[in-house]
Amino acid sequence: MDYLALTARCALGLVFLVAVIGKVRGRAAYEAFRRSVPELVPLPRGAASAVLPALVLPALVVAAECAVVVLLAVERTAAAGLALAAAVLLAFTAGIGRALRAGVRASCRCFGMTPSPLGRLHLVRNLALAALAVTGAAAVLAGAPGQPHPAGVALAVAGGALLALPAVFADDLAALLAPAPRR
């Protein structure tokens, strides 16, 4: 067993699990997420054809995030889960980058919690997580055979949880570390 792959699986699995729970924890949370999607993915306004994507795209995002969690939880599908995680994160990064370039002041509903405005922090976070997914996938595919040591597994799981925390709470950490406004 490759402990790097297990660390990546745990970190990304937790990040995506928190994202799913944050979006579907209630009707209001999902509705807020659903309304934020058109800000990131431009849909034609007023067209009847825009209604379906506006309703379907948020559901597809949640479904993809759920698929990542399930695929990462099973060792046999871990490489597919890591590849899907990287693809989803890169798609999110592209949407955020497009919104920032267009000057759109969209809210981040990544985890369904705080409606902080999108910024470079979100690009960096997503690119770092995508790099972790690619690294984890490479480790899975390189495959170190053998029986895992319980201490190594415990450290990998704990390391994954520690890596997930700053990703999930990036907005809160940025607000905490931001300089106080001058009076």
Side-chain angles (χ1 to χ4, degrees), residues 2 4-24 30 32-43 53-142 159-171 173-174:
D2 189 305
L4 174 60
L6 182 58
T7 300
R9 287 172 55 201
C10 289
L12 292 163
L14 285 170
V15 166
F16 277 88
L17 180 62
V18 171
V20 169
I21 290 170
K23 290 176 183 111
V24 301
Y30 184 77
F33 165 67
R34 190 193 62 73
R35 282 192 315 270
S36 73
V37 171
E39 296 175 333
L40 297 174
V41 180
L43 300 171
L55 295 174
V56 173
L57 190 56
L60 288 175
V61 167
V62 172
E65 290 176 340
C66 286
V68 167
V69 173
V70 172
L71 290 169
L72 290 176
V74 179
E75 190 169 351
R76 294 177 80 186
T77 59
L82 290 162
L84 181 58
V88 168
L89 288 161
L90 291 174
F92 291 164
T93 302
I96 293 168
R98 191 217 53 86
L100 291 175
R101 280 190 309 277
V104 175
R105 295 289 302 163
S107 296
C108 174
R109 294 288 180 172
C110 307
F111 298 103
M113 296 178 225
T114 59
S116 57
L118 290 172
R120 289 184 182 154
L121 173 65
H122 299 97
L123 294 173
V124 171
R125 179 196 59 207
N126 286 355
L127 289 173
L129 289 172
L132 178 62
V134 169
T135 302
V140 167
L141 295 175
L162 287 174
L163 286 173
L165 284 173
V168 170
F169 295 107
D171 291 332
L173 290 170

Got a list of side-chain donor-acceptor pairs under 3.5 Å for residues 60-73, not counting sequence neighbours?
{"residue": "Glu65", "atom": "OE1", "partner": "Lys23", "partner atom": "NZ", "Å": "2.9"}
{"residue": "Glu65", "atom": "OE2", "partner": "Lys23", "partner atom": "NZ", "Å": "2.8"}

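- Closest of all the heavy-atom pairs between Gly136 and Ala5 is O-CB, 3.9 Å.
- Taking CG of Leu17 as the reference point, atom SG of Cys10 lies at 11.5 Å (rounded to 0.5 Å).
- The side-chain heavy atoms of Val168 and Leu14, taken from C-beta on, include no pair separated by under 4.5 Å.
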Less than 3.5 Å apart, which donor and acceptor atoms pair up between the side chains of residues 120-132 and the rest of the protein, not counting sequence neighbours?
{"residue": "His122", "atom": "ND1", "partner": "Gly119", "partner atom": "N", "Å": "3.0"}
{"residue": "His122", "atom": "NE2", "partner": "Asp171", "partner atom": "OD1", "Å": "2.8"}
{"residue": "His122", "atom": "NE2", "partner": "Asp171", "partner atom": "OD2", "Å": "3.4"}

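- By the 4.5 Å heavy-atom criterion applied to side chains, Leu4 and Thr135 are counted as neighbours.
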List the atom pairs, with distances to 0.1 Å, where a side-chain N or O of residues 160-167 and a protein N or O form a donor-acceptor pair under 3.5 Å, not counting sequence neighbours.
none

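- Remark: the backbone N or O of Gly22 is not paired with any side-chain donor or acceptor of Tyr30 at under 3.5 angstrom.
- Atoms CG and CZ, from Leu100 and Arg105 in turn, are 8.5 Å apart once rounded to the nearest 0.5 Å.
- For the residue pair Val134 and Ala86, the shortest heavy atom distance occurs at CG2-CB, 4.1 Å.
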- Item | Phe16 vs Leu89, side chain to side chain contact (heavy atoms under 4.5 Å, CB included): CA-CA, chis, key distance, verdict | CA-CA 10 Å; Phe16 277 88; Leu89 288 161; 3.9 Å; yes
